[in-house]
Each structure stands twice: as C-alpha cells, then as structure tokens.
Protein chains: 2
Amino acid sequence: MTTISDIAKLAGVAKSTVSRYLNEGSVSEATKRKIQHIIKETGYTPNAFAQSLKAKKTNIIGTIVPQLDSYAFSRTLIGIDEELKARNYQMLISHSNLDLEREIENIHSLVRQKVAGIILLATEITNRHLMIIKQLGIPVLIVGQQHEEIPSLIHNDYDAAYELGKYILSQGHQRIAFLGLHEKNVAIGIDRKEGFKKSIEETANIDVQFFEVKMDQAQTFSIVSEIIDRFHPSIIVCATDNIAMGTMKAIYSKGISIPCDLSITGFGGYEMTEMIHPGLTTAKFFYKDAGNLAARKMLSLIKGDDTPMKTVSGYEIIYRESVRKM
Amino acid sequence: MTTISDIAKLAGVAKSTVSRYLNEGSVSEATKRKIQHIIKETGYTPNAFAQSLKAKKTNIIGTIVPQLDSYAFSRTLIGIDEELKARNYQMLISHSNLDLEREIENIHSLVRQKVAGIILLATEITNRHLMIIKQLGIPVLIVGQQHEEIPSLIHNDYDAAYELGKYILSQGHQRIAFLGLHEKNVAIGIDRKEGFKKSIEETANIDVQFFEVKMDQAQTFSIVSEIIDRFHPSIIVCATDNIAMGTMKAIYSKGISIPCDLSITGFGGYEMTEMIHPGLTTAKFFYKDAGNLAARKMLSLIKGDDTPMKTVSGYEIIYRESVRKM
DNA sequence: CTGAAAGCGCTTACAG
DNA sequence: CTGAAAGCGCTTACAG
C-alpha cells in the first residue's frame, strides 16, 4: 500500500503539502500538478482509519435496521444509501433482528466506530432508547416513528389511514374488522388505527372491531379465522401489507373468495401487492424517497443547520381489486 | 471520550499494560483486576480506528449486495451477519444497485476501508471482476455464482432444476415453456436451464421452448402473454420466484386460471410464494443457512485454513397447488 | 506557498 | 509481569 509519505517522496515535497493538496488546497499550481500526477500513477487512496483517527470524525452514517428482509426497511435503506453516496458520505448498516436489546447494543457499536450520526429505522422508542440517545453526543434521527425529544421522519400514517377509511366507507362497507399492531409501535399501532377511527366516527351505523397481531405472520392465521367466524366482516383492514398477505392466505384457506365474499386492504404499497391476484388496495408510502429525505436531514443535523424536529413523508392510496363495492 | 492513556493513568500502569490486558493478557491478577475495574467504571471502549491503523487489519468483512430489496439477497445477508457477529466479526454492507460498474467501485471502496475480506453476492463475474479480485491481496468469496479461479458458495441450481423437472413431467405436462435469465448469470441462466433440460431429455414426447426475461419484471408481462398465445403451454417454468410472480400476474390478467388452465413453478422459495394463492410450487434454497456458511468459509479463507474452492448449499422442492396433474 | 514537528489512540517488539 | 519508545498514516497549527 502506498501512503502519503510515498507520494510526498515521489513528488519531492513534504507530507503536509500532499495533505494540503488533498484537503483545503493552498498549494501552488506547479506542485498541485506534480502531486496529482503521482497520485494518479500510484493509485493512492488515503487510509480512512488514519484520517478518522486524526480528524476524530468520519463521513460514515450508521443505520440500524430491525429487519433486513422487509420491503419497507430495505427500500428505505436504498434511499438512504443513494443520497449519502451522492454527498460523499457512507452508510454503515447494522441489523438488530427486531430485538430492542440488540438495537441498543448496535447504537453503542456504531458510536465506537465513530459514525457521524445514526439513523434508526424505528419500531418502538423505549425510555432506555431515549436516555442513551440523549447523551450520545452525535445526532440520531428516527425514521418511521416520532418522538417529541428526537428528530424524526415519519410517514403520514394518520392521514393515510383516514383517507383509506373514507374510501372503504364510500364503497358501502359497514361491518369492518381492523387488524392492527400493538400500541408500542406508535406509528402503526396507534396512528393508523386512530386515523381510521376518525373516518368511522364521521359516519353513522358502522360496526367496527379492532384486533391485534404480532409483526410476524405465524399467528395471523388463527386470528383471522376466528374473526371471520365470529364477526362476519365485509372487509378486513390490515395495518400492514404483510399482515394483509397473511390474512389473504387465511381467507383463501377457508374457501372464501376475495373480494366477492370478503374485501381486504393493507398499508405500505409493497411491490408484491400489485403482483398478487387480486391486487391489494393499500396506502402506499414512499420508502425510498423517505430514505433520501432522511439522509439529507441527517446531514443537516450533523452540520448544525436548523431542521424541523419532525418531517412528514407523503402517501398515496392505491385502488385495486381487493375491495368490493357493496 | 476516554482513551487508553486515561485508563493507564487511573490504574497507575503504563499504556502498554492496559493494551496487553485488552489483547493477549500476560498481566498479573492484581493489575488485571485494577484495570478491569477502571474500564467498567469509565465505560471505556477502544477506538476502532486506532486499532485498525496499528494492526493494519480489521475484523470487518465487506459484503456487496446487488439489490437490498430482494428476498434471496437479504436473507443471505442476515445469515452472514448472524454468523459473523457470533464470531466477533463485523459486516459492512455495500449496495451496488445491480450495476456492475458500481460493484467494482464498491470492491475498491471496501479495500480502502481495510476490510479483512469481501463476500460478493454475485450475479455475473466478468473478466474485470476476475482481474481486480486476483490482485486484491484479501480473500474474496462469491456467493450464488461459481468461478474456477475464485472461492465460491453456490446453491445446487442444477440438481434442483433437474428434480423439479422430473416432478413436472411426473404430473403429465408435455408442453412446457421455460422462462429463464440471460446466460451471463451462470447459476440462474445456465445451471437451472441445463438441469431442467436434462430431465426433459430423459423423457420422450415433450415439447419445450425456452424464453428469456430480464431481472426486473416490467417486461415479463408482454412476453408471457405472447408465450401463452403462440405456444399454449400447459405449464410455465420460471427461473426465479420473482419471475413467477410477474408471470402469474400476466396469466391472471388474461383471465386464465392457475392451475386449472395453466400451471406454474418458480425457484427460490421466497416467503411470499406460500402466502399467495394458489401456493407456488418451487425449488427452495436456504439463503440464510448459505449466509452462515459463507461467513464461516470467509473466516477460514482469512485464517488460511484450507477450504474447498466450491461449497454447495442444498435445496428442497416444495410442492404446492400451482402445478396441476394432467 | 511550504516544511518540520507534534499528536490522534492504539500495539508491539525490546529491555528489564 | 511491566514500562518506555517507536510507529501505524494522517492532519494541523506554527514558522518561515
């Protein structure tokens, strides 16, 4: 490996001059050219460790992702990576496997690696999170969830749920099952539910029941089966597209037809929702765009530019065949 | 931030002693305890940059992933991460967005970061890849593709395709369309095709035609439509589950029913293939296990243990409803 | 514009 | 078992 000393020697100048060339650039045209030439020739690239050790800061942004095999998260990651790369920053991904304990370990590990900031693709913000984050010394941005004390970027869960609810009601559904997540997950467990509730409250004679499943789909099956048998909804509103997929499977396995006998909707706009048959009506969020946005916001945070505590990314209702007009 | 000097001062010993405690450990019990105590108290963690700068090597394994939002790749990543973490290594992910040019840039960037080795989730190994990899100085492992000059871990594409073919024939299909990928992608474009071909060659009176699509699904739609109109297959064998999903959509959009009018199979065993209706018959690969394996193989490569050039991960045919018995 | 020197936080022979 | 010193590859005041 060639180092800055090698370059300096070959160019006949001091290391500091090469360093200056690499950084600010208060170097005469002649030496500039010499150095440039040598660098090209040798294919020299500065040792990132030495730079970071000296500079005590890096151009690395740490990202914590709870699940790598999730459409929403991976699309967000792509967006972050894209934007960061364009601005000469680097993304370091760490995976918590939906384990909050591990998530906190990951925060520490990223700090040890001297990342300039941390983007947390969040599911739940506990008090421990808050305490740790507040004394970290580097900016943390949460994506997908909000918190009054931490900068955040969220999807417009509430409005999306409201608009989707309005649409469902406009199609004449009056007996509705809502399949949500635990309220620990504020964005999905509360905001989507509340937005939906509001649309219901504006309409008379609606029979709605709320249910709850876990993130993983294993248990969705039996719950859906029970809901259908006991409540006989005309539509099941699912708080995520993944839940909707699991629900559809449960519905089919009972020999019930979608949307003739039972309608269904999701949230997310995952790619697969348009591949399946019937296509799933859903509230689409723009994960990749949100990732771009998050990256830019993080850079503002690092630079100390003022940026709003909370940024809201948009949505779009996608109307497909899974909802029947009653 | 507390450094090794702080710890040394507080413990009343030299930096080198602390360092020794942290590494080999030829330190007396008494000092050991003192240092341990101080470290606990201060929450000291060594600066990874300084360590790496000195050691000229890291415990970081770079991974290049062509698509972050792909089931196969992300599951593999999870497997790699899991195993690496268990062995006190770290995974650094870099995303090439299915762009071979970018992939090569990523290799260079990982080298600059002094990773100990690179795991490349491969789609296509070009000559440029080969040249660069051979003069890298650190081990490179390719996953999903093979090459006689580079250590690799592959799925058993050939046998899986053969066995799936046998099954399809056993169900009485005689007019078969195979929807593959370009031969640049050896594992998918060639091995799966050839394995399948072999099963056909062992049987008389089979009418088979081979077609090709791109990785992204946009164009699948019209090709499938044409195949159906012109060739009238009783089954479409798709070289990946993603292609199968796209194909199913195209089939439905023509008002054709699966599997009554037309059967279909995939490759991969993606989670969604069991969520959809009808469930997709497919050759399942164990991506996460393969990731575990890849991590272990990489560590062997780094240590210089001898490890076979080529490791083959298993498969399992999953029989579901998308194939009709003729 | 340029160079010499100190220092970032660690590790590793080398003495003792 | 332990300490002093040199050095990893860079950057940054400080002189000139």
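All chains are named by letter (A, B, ...) in the order of the sequence lines, taking the proteins before the strands, and each is independently numbered beginning at 1. Owing to the predicted nature of the structure, the values given are computational and were not obtained by experimental measurement.
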Can you see if the side chain of [X] gets near the phosphate of [N] - specifically, an N or O under 4.0 Å from OP1 or OP2?
{"X": "A:S52", "N": "D:dC10", "value": "no"}
{"X": "A:Q51", "N": "D:dT11", "value": "yes"}
{"X": "B:S19", "N": "C:dT12", "value": "no"}
{"X": "B:N47", "N": "C:dC10", "value": "no"}
{"X": "A:S26", "N": "C:dC1", "value": "yes"}

Would you kindly give the [atom1]-to-[atom2] distance between [X] and [N], to the nearest whole Å?
{"X": "A:K15", "N": "C:dA6", "atom1": "NZ", "atom2": "C1'", "value": "10 Å"}
{"X": "A:I35", "N": "C:dC1", "atom1": "CD1", "atom2": "P", "value": "12 Å"}
{"X": "B:R20", "N": "D:dA5", "atom1": "CZ", "atom2": "P", "value": "15 Å"}

Which one is paired to C:dA13, where only Watson-Crick or G-U wobble pairs with both distances under 3.5 angstrom count?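 Its partner: none found.
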With a 3.5 Å cut-off and just heavy-atom distances, do the side chain of A:S16 and the base of C:dA5 make a donor-acceptor pair?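 Result: no qualifying N/O pair found.
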So, does the side chain of B:K54 form a donor-acceptor pair with the base of D:dG7 at under 3.5 Å?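 Looking at the base of D:dG7, it does pair with a donor or acceptor on the side chain of B:K54 (distance under 3.5 Å).
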Which part of the nucleic acid, if any, lies within contact of B:T3, taking any heavy atom under 4.0 Å across all strands shown: a base, the sugar-phosphate backbone alone, or nothing?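 Sugar-phosphate, no base atom in range.
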Base, sugar-phosphate, or nothing for A:Y44, non-hydrogen atoms under 4.0 angstrom?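 Sugar-phosphate only.
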